[in-house]
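As structure tokens, the structure follows; a few thoughts come after it.
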Amino acid sequence: MLHPQTRALLNLIEQKGFPPTHTLTPADARRFYRERRAFSQPAPPPVHEVRELAAPGPLGQIPLRFYRPAQSGPATKAPPVLVYFHGGGWVIGDLDTHDVLCRELANASGCAVVAVDYRMGPEHVFPAAVNDCFAATCWVRDNAAALGVDASRLAVGGDSAGGNLAAVISLMARDQQTGAALPICFQLLIYPATDMRQLTPSIQRNGQGYMLTQDTMNYFQGHYTGGNLAHHDDWRASPLLARSHAGLPPAFVLTAGFDPLRDEGLAYAQKLSDAGVTSTHISFERQIHGFITMGRVIEEANVAVRLCAAELRAAMAA
């Protein structure tokens with residue numbers, strides 16, 4: 001059964017006649033996503049510091065937003081840092097759409113957060129987002145002293161497409177052959193996309209009627225990969241297909257029961273556990289994809305944020 005608050009939200013969306021994402025141009029879809037967030041997201045909580053930054057990337061500067069948690073200050077110990085990749089199907093979403101979530105995670109976990117505004121499709125197709133996210137994570141490591149954060153306690157995280165990117169960056173960091181090591185301590189994977197082949201039962205079961213539809217998934221994947229289906233088998237797009245998952249950082253994987261991506265998130269958590277990686281999976285069975293940013297209208301979203309922050313705090317404790 002859907003949570004009553006979630007069912008009410010879906011009913012309202014249907015009554016208002018909001019256009020499905022896959023019927024919009026990428027530019028209109030981005031604008032609509034930015035505009036509608038005010039309805040469902042809580043007010044942004046104050047943090048100690050917010051700074052707009054940029055990191056060099058393969059295709060140019062990558063905008064970043066740095067958050068220092070409210071409880072930190074000049075006299076406090078350098079906090080751990082979470083590099084966060086926003087969701088949105090590698091096509092929509094930005095620093096503003098996930099500003100509230102990043103603030104919440106910073107304050108509740110005690111970690112600084114660096115949000116990454118990576119390049120997206122269709123303007124920049126796969127693997128541009130992957131390369132930007134890896135470059136941004138390396139930049140945070142290299143500039144930790146200037147940022148006042150602890151590079152030895154660096155985590156990656158994200159929701160949906162961002163969870164996909166966090167999983168991929170963890171694999172890349174493990175396999176890095178050249179340059180300085182990128183030691184990632186923890187993965188926060190919120191309903192991550194892990195397998196572009198769309199083979200799981202949850203896609204058939206939840207692919208219509210619960211906000212993220214299979215039509216919209218196809219729209220996102222097509223724009224991200226440029227329509228090249230061969231990319232679906234590349235582990236940098238489908239991290240579940242990586243040859244090995246051994247030696248990866250511990251992970252917390254959160255899924256939602258009415259999410260088309262539910263099964264592949266669970267499968268990734270299991271793949272990590274089978275490889276000997278510490279992996280915890282929690283499913284909010286009455287929720288839909290994207291719910292964690294909807295704390296104004298879905299109370300379980302706030303519980304999910306607190307749970308993610310608690311797992312992050314515990315994993316990053318010195």
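All values below come from the heavy atoms of this structure, side chains included, with hydrogens, waters and symmetry mates left out.
- If you take NE2 on His22 and OG1 on Thr216, they are separated by 5.5 Å, rounding to the nearest 0.5 Å.
- With hydrogens and angles left out, the side-chain atoms of Tyr67 and Asp99 include a donor and acceptor closer than 3.5 Å.
- For the atom pair CD1 of Ile298 and OG1 of Thr6, the computed distance is 3.5 Å after rounding to the nearest 0.5 Å.
- Enclosure of atom CD in Glu52 by more than 12 non-hydrogen atoms of other residues, nucleotides or ligands within 6.0 angstrom is indicated.
- Ring to ring, His86 and Tyr118 are close: their centroids are under 6.0 angstrom apart.
- In this structure, CG in Leu101 is found 13.0 Å from CZ in Arg37, a value given to the nearest 0.5 Å.
- With Phe18 as reference, Phe32 is the one residue of Phe39, Phe32, Tyr33 to meet the ring pair (Phe, Tyr, Trp, His ring centres under 6.0 Å) rule.
- Taking the six-membered ring where tryptophan is involved, the planes of Tyr210 and Phe258 are tilted, since the angle between them lies from 30° to 60°.
- The two residues Pro20 and Thr23 come nearest to each other via the heavy atoms O-OG1, 2.6 Å.
- Pairing each heavy atom of Arg30 with each of Pro122, the nearest pair is NH2-CD, 3.8 Å.
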- [ ] Please report the C-alpha distance between Leu10 and Glu14 in whole Å, then the side-chain angles of each, then the deciding distance to 0.1 Å, and finally whether the side-chain contact (heavy atoms from CB on, under 4.5 Å) criterion is met.
- [x] CA-CA 6 Å; Leu10 293 175; Glu14 184 176 0; over 6 Å; no
- [ ] Could you give me the CA-CA distance, side-chain angles and deciding distance for Val50 and Arg103, then say whether side-chain contact (heavy atoms from CB on, under 4.5 Å) is met?
- [x] CA-CA 9 Å; Val50 179; Arg103 289 168 178 264; 3.8 Å; yes
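- Side-chain contact annotation: Gln270 with Asp274, donor-acceptor N/O pair under 3.5 Å present.
- No hydrogens or angles considered: nothing links the side chains of Asn218 and Gln221 as a donor-acceptor pair under 3.5 Å.
- Relative ring orientation between Tyr224 and Trp90 is described as parallel, the plane-to-plane angle staying below 30° on a 0-90° scale split at 30° and 60°.
- The one candidate from Leu240, Leu241, Leu266 that meets the side chain to side chain contact (heavy atoms under 4.5 Å, CB included) condition with Thr194 is Leu240.
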TODO: Test side-chain contact (heavy atoms from CB on, under 4.5 Å) on Asp263 and Ile203 and set out the steps.
DONE: CA-CA 8 Å; Asp263 290 351; Ile203 291 179; over 6 Å; no
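- Closest heavy-atom contact between Cys185 and Pro249: C-CB, 3.7 Å.
- Using a 30° and 60° split on the angle between ring planes, Phe284 and Phe291 fall in the tilted class, from 30° to 60°.
- Residues Val81 and Met316 share a closest heavy-atom pair of O-CE, 4.0 Å.
- Tested against Phe85, the residues Asp159, Asp117, Thr137 include a single side chain to side chain contact (heavy atoms under 4.5 Å, CB included) partner, Thr137.
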